[in-house]
Protein chains: 2
Amino acid sequence: MYTIGEISRRTGVKVPTIRYYEQMGLMAAAERTPGGQRRYCREGLDQLGFIKHARDLGLSIEAIRDLIRLNAHPDTPCDEADRIAAEHLVSVRNRIEQLKRLEAELQRISTQCKAGTVKDCYVIRALADHSLCENEH
Amino acid sequence: MYTIGEISRRTGVKVPTIRYYEQMGLMAAAERTPGGQRRYCREGLDQLGFIKHARDLGLSIEAIRDLIRLNAHPDTPCDEADRIAAEHLVSVRNRIEQLKRLEAELQRISTQCKAGTVKDCYVIRALADHSLCENEH
DNA sequence: CCATAACTCTATAGTCACTATAGATATAGA
DNA sequence: TCTATATCTATAGTGACTATAGAGTTATGG
């Protein structure tokens with residue numbers, strides 16, 4: 001049996017975050033000692049690992065809840081799980097594209113400014129005047 | 001003079017968001033009609049445009065507050081403004097790199113799953129077992 | 001057996017940048 | 001003057017935590 005601090009150390013998820021996951025219904029409610037402290041067995045550790053991994057990949061709590069629910073029914077079709085992953089992949093790709101446009105714009109703004117004072121600063125002028133931008137964002 | 005709805009339409013910033021910016025000290029407090037409604041002149045419109053543009057580029061409220069403060073002193077050196085933009089550029093680039101790693105991992109997870117049921121679903125197995133991953137995230 | 005240190009408990013509030021809602025008031029046009 | 005639309009304030013909610021206070025529990029060393 002592990003204390004909450006132990007599974008925190010092993011998974012890298014902070015203690016209050018584990019309690020938060022329990023409250024949100026991601027982690028099953030842990031057994032308790034007579035004094036009321038949480039004790040986890042192997043299963044709890046695995047479950048938290050699953051959640052951590054999914055969070056690291058950027059999946060929302062909501063999506064993870066769905067995946068956990070699916071995982072509890074091993075014989076149902078997995079289209080739904082595939083769909084969740086695929087949809088998330090699309091949103092990650094969109095986000096990358098958007099950030100690349102911002103990167104280009106920021107670089108242009110940053111490197112063009114050779115002025116010494118705020119009055120002529122290209123960074124500030126560019127922010128004030130959208131027409132100085134090269135693409136949409 | 002523009003109503004709050006008008007500058008909202010012209011800039012694409014929602015009405016409650018404009019009031020929020022005023023509360024946060026980004027927008028100067030607007031003049032009021034005898035009945036207490038906000039009225040903006042050209043300056044307010046420009047200021048909101050500046051904020052919108054900076055937000056679209058992903059700058060934080062805090063960073064924008066700094067830039068506005070700088071903008072009010074046109075003869076001070078603009079190193080600080082350049083630094084804010086450059087630092088943000090670095091953080092955007094880091095974020096892009098991180099998302100690219102996630103994208104690769106998600107794609108691998110998504111495309112490998114040919115199973116029909118949750119029991120064998122690669123998406124779910126990969127989430128449960130970090131050792132199936134190819135790189136760190 | 002007891003003191004103590006380290007850990008854990010709950011409940012609540014704060015973070016960021018909004019967004020939504022309720023209920024009241026103001027304004028513009030017919 | 002009526003009415004539709006817009007606006008006002010104040011408050012609460014969003015997501016995914018993080019921080020804090022104050023109390024209680026557990027493990028260890030003497």
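Quick caveat, the model's predicted, so the values are computed rather than measured. Side chains are part of it too, since the values below use all heavy atoms of this structure and drop only hydrogens, waters and symmetry mates.
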Need one value for [X]: base, sugar-phosphate or nothing, where a base atom within 4.0 Å counts as base even if backbone is also close, heavy atoms only.
| X | value |
| --- | --- |
| B:R9 | nothing |
| A:R19 | base |
| B:R38 | sugar-phosphate |

Rounded to whole angstrom units, what separation is found between the [atom1] atom of [X] and the [atom2] atom of [N]?
| X | N | atom1 | atom2 | result |
| --- | --- | --- | --- | --- |
| A:M27 | D:dA16 | CE | P | 17 Å |
| A:Q23 | D:dC17 | CD | C1' | 11 Å |
| A:D56 | D:dC17 | CG | P | 10 Å |

[Y]/[X] salt bridge by N-O under 4.0 Å criterion:
| X | Y | value |
| --- | --- | --- |
| A:R9 | A:E6 | no |
| B:R125 | B:D129 | no |
| B:R93 | A:E103 | yes |
| A:E22 | A:R19 | no |
| B:E87 | B:R83 | yes |

Among D:dT25, D:dC8, D:dT18, which is the nearest nucleotide to the side chain of B:Q37?
D:dC8
Closest to side chain of B:I4, choosing from D:dT26, D:dA16, D:dC8:
D:dC8
A:Y21 side chain near D:dC17 phosphate (N/O to OP1/OP2, under 4.0 Å):
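Indeed, a polar side-chain atom of A:Y21 lies that close.
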Of B:R39 and B:I61, the one whose nearest nucleotide on DNA chain C sits closer to the 5' end is B:I61
Nearest heavy atom decides the nucleotide; on that basis, is B:R32 or A:S60 closer to the 5' end of DNA chain D?
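The residue mapped nearer the 5' terminus is B:R32.
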Need to verify one output field. Residue with the more 5' nearest nucleotide on DNA chain D, A:T33 or A:K14?
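Looking at the nearest nucleotide for each, A:K14 comes out on the 5' side.
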Tell me whether B:E31 at atom CD has more than 12 heavy atoms from other residues, nucleotides or ligands lying less than 6.0 Å away.
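Not buried by this count: 12 neighbours or fewer within 6.0 Å.
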Could you pull out the closest heavy-atom pair between B:L26 and B:Q47, with the gap in Å?
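Closest approach of B:L26 to B:Q47, heavy atoms only: O-NE2, 3.4 Å.
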Start and end of chain B contact along DNA chain C [non-hydrogen atoms, under 4.0 Å]
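Here the contact window of chain B covers C:dA17 to C:dT27.
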